[in-house]
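Taking it in order: structure first as structure tokens, then the write-up.
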Protein chains: 2
Amino acid sequence: MKRKITLKQIARELEVSISTVSKALKDSDEISKDTKQKVKAFAKLYNYRPNTIALSLKNRKTKNIGVVIPDIVHHFFTTVFRGIEKYANEHGYNVVVCVSDESYEKEVFNMELLANGSIDGFIMSVSAETQQKNDFSHLKEVMEQGFPLVLFDRVIDEINCDKVVMNDERIAYDATAKMLAEGKKKIALVTTESYFNVSEKRAEGYKRALLDHGAEYDKDLTLVLPFKGIEESYIETFVENQNFDGVLCVNEIFAVLFMAATQKKGLRVPEDVSVIGFTDGLLSRYSTPTLTTVAQHGERMGERAAEMLIEKLENEIGFDEEEVYRTEIIEATLIERGSTINK
Amino acid sequence: MKRKITLKQIARELEVSISTVSKALKDSDEISKDTKQKVKAFAKLYNYRPNTIALSLKNRKTKNIGVVIPDIVHHFFTTVFRGIEKYANEHGYNVVVCVSDESYEKEVFNMELLANGSIDGFIMSVSAETQQKNDFSHLKEVMEQGFPLVLFDRVIDEINCDKVVMNDERIAYDATAKMLAEGKKKIALVTTESYFNVSEKRAEGYKRALLDHGAEYDKDLTLVLPFKGIEESYIETFVENQNFDGVLCVNEIFAVLFMAATQKKGLRVPEDVSVIGFTDGLLSRYSTPTLTTVAQHGERMGERAAEMLIEKLENEIGFDEEEVYRTEIIEATLIERGSTINK
DNA sequence: TATCAACACGAAACCGTTTTCGTAGTTTTC
DNA sequence: GAAAACTACGAAAACGGTTTCGTGTTGATA
């Protein structure tokens with residue numbers, strides 16, 4: 001086991017002081033040309049790299065950012081993560097990920113762990129349980145400790161920090177309006193239980209579109225599915241008993257299940273029923289017909305979140321300068337595919 | 001910005017030495033009961049937590065493990081990562097992820113970065129480009145530096161380290177045999193270019209099953225698709241021109257595309273054509289019909305990889321003890337769904 | 001020749017811990 | 001009453017860097 005070489009060893013070997021080696025490697029003009037060359041040559045030969053941990057301790061910066069997400073086996077979060085990792089890496093940061101698994105306790109635990117020196121700032125999307133409990137003291141805590149925090153997607157209004165969100169309400173409006181424009185009259189909504197503020201916003205956009213276009217909002221046309229353990233039968237029962245000619249689903253799994261159920265019933269997509277989902281994942285791209293869906297541009301969200309965080313990290317805020325927080329809206333776009341009638 | 005409290009501050013506040021504080025918090029019996037209580041109370045009040053970075057420097061252990069994978073927006077890698085993260089977290093380790101994006105250069109760069117003190121060991125799956133170039137000096141390098149390394153899925157024979165793999169050959173054999181047992185005669189194979197050793201092994205299993213069961217191996221029934229930018233037309237052309245009644249696809253995207261193409265041609269799945277894919281992702285679960293597929297148990301692979309790595313990390317190898325490397329095989333299983341004829 | 005700046009380098013502090021070792025002060029022992 | 005043995009604590013080194021501040025040696029200047 002060949003230990004990595006340190007300044008101390010180089011210094012001893014070359015019979016100079018540690019400071020000299022350090023300065024020589026930094027091309028300080030305190031050091032003579034001769035010595036610099038000697039040191040650099042030696043360092044290169046032994047492939048010297050400064051120890052990250054020592055630097056972290058000295059600089060009180062780890063160059064690590066902590067990402068806390070509810071789930072990783074999930075297309076949206078994965079793409080956001082991709083964006084974060086990409087941007088971070090390009091800017092000299094590493095990313096340490098903790099998965100809260102939708103659990104409040106794990107979320108708190110992980111954040112405390114990371115806050116003990118492992119990272120310089122947080123990017124996160126809160127867990128379902130946290131949203132339900134409505135307890136955000138752990139977020140306040142890390143902010144008070146001076147950690148910059150960027151929330152994305154599942155954000156918390158009462159926490160004052162940088163945020164990256166999607167215009168859920170508007171895109172749901174647009175999606176609904178699109179189906180109305182196709183001539184559809186009875187548009188259903190398939191959503192999750194309401195403690196997810198994103199689902200709620202989508203529902204609002206859906207309603208507003210109906211009312212704006214003179215369609216009536218029928219409560220019976222909204223199907224609320226549980227967060228975990230979706231039973232296909234819920235959907236099939238709904239499809240069996242309700243009359244509709246379009247549907248907006250808050251994710252692609254619901255969309256593809258709904259589509260399958262309507263087809264099974266003998267209805268054609270999109271001729272008889274238009275279907276629009278959220279999340280442009282594999283399901284949307286490879287279903288039959290392909291799904292018209294809302295692309296959330298997760299990667300861009302991740303990039304922006306990372307950008308905002310790193311900006312905060314690098315621009316040490318002046319003393320008594322007022323901290324200013326931004327909320328960035330990433331515009332979702334509707335991708336038209338085979339499950340709607342497109343011109 | 002409230003800095004986290006340090007031993008030094010507690011010491012000053014309580015008018016004792018730093019050593020005393022440190023020992024008191026560790027319940028050392030060098031310290032009197034009184035002092036211990038005083039210190040502990042104060043520490044609890046100010047919510048003292050030892051600084052991770054300082055500990056890392058002191059102990060030369062970061063309690064971080066580095067994960068380098070080719071892609072994160074990919075069901076299989078995501079599940080493996082999930083397993084790693086889960087096991088690591090349960091055992092007091094954090095995970096820092098770097099995505100190589102299938103690029104040799106990024107892979108090398110990221111590993112060098114991580115090797116400068118950020119992590120204690122690596123878990124990785126090599127990039128496509130690395131496999132093509134057949135250059136593994138960066139892996140040898142980190143091993144020589146004393147970092148334990150666990151490879152999974154895309155492993156390298158010439159690198160001597162712990163490995164976690166799937167029995168690709170055998171499960172491909174089983175999948176093919178299953179279709180033959182259904183009475184299918186002409187089984188096609190849809191695979192990727194061959195520098196992926198996993199694809200190669202799957203192809204071998206496929207061939208062996210054909211020969212073992214007295215079916216003939218027809219080269220024309222193998223469709224090789226490029227790694228990036230699959231054109232649907234490649235598949236459609238193949239489906240149009242070849243005669244087959246079963247197909248084994250090396251991933252679920254190929255499987256679902258193939259299924260769509262055969263259905264479009266008017267063939268029924270599974271009556272006319274049986275389809276089996278690899279990867280038990282959303283596509284397999286929600287396609288119509290649902291896909292019979294090979295479950296790779298990525299999560300278990302990740303857990304095992306993490307377990308192997310952490311075991312190496314914690315059991316400092318005795319001096320001159322011979323290092324022993326293991327290759328663990330995670331048994332894949334065939335999940336029977338609607339795209340094959342099951343009894 | 002005394003003075004001074006420039007040059008080239010080293011000592012030491014610091015980041016926050018842990019841990020070894022030394023040592024006052026007290027108690028026990030004979 | 002002196003030596004031995006505890007007790008309870010502190011000083012200092014170490015992990016691997018960076019950086020400030022000296023300082024000894026030159027050569028130039030007055």
Side-chain angles (χ1 to χ4, degrees), chain A residues 1-40 42-43 46-64 115-120 145-146 316, chain B residues 1-40 42-43 46-64 113 115-120 145-146:
Chain A
M1 153 119 71
K2 213 171 56 181
R3 280 244 157 281
K4 297 217 84 178
I5 196 166
T6 68
L7 286 188
K8 196 194 265 193
Q9 291 168 47
I10 301 184
R12 185 164 30 208
E13 212 65 35
L14 261 39
E15 300 187 300
V16 292
S17 76
I18 295 179
S19 349
T20 302
V21 178
S22 173
K23 289 172 189 165
L25 291 174
K26 296 198 122 47
D27 227 359
S28 156
D29 45 25
E30 276 185 53
I31 306 297
S32 71
K33 275 218 150 108
D34 276 9
T35 313
K36 277 199 237 178
Q37 282 191 340
K38 210 169 49 174
V39 171
K40 283 184 186 171
F42 193 90
Y46 283 90
N47 196 28
Y48 170 79
R49 294 275 179 280
N51 180 302
T52 316
I53 297 291
L55 287 180
S56 299
L57 187 56
K58 179 100 239 279
N59 304 330
R60 281 140 142 200
K61 304 217 163 167
T62 62
K63 287 277 189 174
N64 283 160
N116 293 145
S118 304
I119 57 145
D120 298 336
Q145 285 176 24
E316 267 315 334
Chain B
M1 155 119 71
K2 214 170 59 182
R3 280 243 157 279
K4 298 217 83 174
I5 196 166
T6 68
L7 288 187
K8 195 194 264 193
Q9 291 168 45
I10 300 184
R12 186 166 28 211
E13 213 63 37
L14 262 39
E15 301 188 301
V16 291
S17 75
I18 294 179
S19 349
T20 302
V21 179
S22 174
K23 289 171 190 166
L25 291 175
K26 298 198 121 48
D27 226 1
S28 155
D29 46 26
E30 275 184 54
I31 306 296
S32 71
K33 274 217 150 105
D34 277 7
T35 312
K36 278 199 241 180
Q37 281 190 341
K38 210 170 48 176
V39 172
K40 284 183 186 169
F42 193 89
Y46 284 90
N47 198 27
Y48 170 79
R49 295 273 179 279
N51 180 301
T52 316
I53 297 290
L55 286 180
S56 298
L57 186 57
K58 183 101 241 287
N59 303 332
R60 283 140 142 203
K61 304 216 164 167
T62 62
K63 287 279 191 170
N64 282 160
L113 207 73
N116 293 145
S118 304
I119 57 145
D120 298 337
Q145 286 178 25

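The figures that follow rest on heavy atoms only: side chains count, while hydrogens, waters and symmetry mates do not. A note on names: the letters A, B, ... follow the listed sequences, proteins ahead of strands, and every chain is numbered from 1.
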Scan [X] against the nucleic acid and name what it touches under 4.0 Å (heavy atoms): base, sugar-phosphate only, or nothing.
X	answer
A:L7	base
B:T35	sugar-phosphate
B:K26	sugar-phosphate
B:S32	sugar-phosphate

### Query
Quick one: how far along DNA chain C does chain A reach, first to last nucleotide 5' to 3', anything under 4.0 Å to a heavy atom?
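With heavy atoms of chain A under 4.0 Å away, the range is C:dA8 to C:dG16.
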Interatomic distance, [X] [atom1] vs [N] [atom2] [rounded to whole Å]:
X	N	atom1	atom2	answer
A:I31	D:dT19	CD1	P	13 Å
A:Y48	D:dG16	OH	C1'	7 Å
B:K33	D:dC9	NZ	C1'	18 Å
B:D29	D:dA8	CG	P	10 Å
B:E15	D:dC9	CD	C1'	15 Å
B:R60	D:dA14	CZ	C1'	9 Å

### Message
Assess the residue pair A:L14 and A:V21 against the criterion (side-chain contact (heavy atoms from CB on, under 4.5 Å)); give the C-alpha distance rounded to whole Å, side-chain angles, the decisive distance to 0.1 Å, and a yes or no.
### Response
CA-CA 9 Å; A:L14 261 39; A:V21 178; 5.6 Å; no
### Message
Is there a side-chain contact between A:K8 and the phosphate of D:dC15, meaning an N or O under 4.0 Å from OP1 or OP2?
### Response
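Answer yes for this pair, as a side-chain N or O of A:K8 is under 4.0 Å from OP1 or OP2.
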### Query
D:dT18 phosphate, OP1 or OP2: any side-chain N/O from A:S22 under 4.0 angstrom?
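The answer is yes; a side-chain N or O of A:S22 sits under 4.0 Å from OP1 or OP2.
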### Query
In terms of the nearest nucleotide of DNA chain D, which residue is placed more toward the 5' end: A:T6 or B:S17?
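Result of the comparison: B:S17.
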### Query
Between A:N59 and B:K58, which is nearer to the 5' end of DNA chain D once each is assigned its nearest nucleotide?
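Result of the comparison: B:K58.
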Without swapping roles, check the side chain of [X] against the backbone of [Y] for a donor-acceptor pair under 3.5 Å.
X	Y	answer
B:K36	B:S28	yes
B:T52	A:N116	yes
A:N59	A:K61	no

### Query
After noting the C-alpha distance and the side-chain angles of B:V39 and B:L25, does the key distance pass the side-chain contact (heavy atoms from CB on, under 4.5 Å) rule?
CA-CA 7 Å; B:V39 172; B:L25 291 175; 3.9 Å; yes
### Side-chain heavy atoms of A:T6 within contact of A:N51, under 4.5 Å
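Answer no - side chains too far apart.
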### Query
Nearest nucleotide by nearest heavy atom, which residue falls closer to the 5' end of DNA chain C, A:E30 or B:A54?
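The 5'-side residue here is A:E30.
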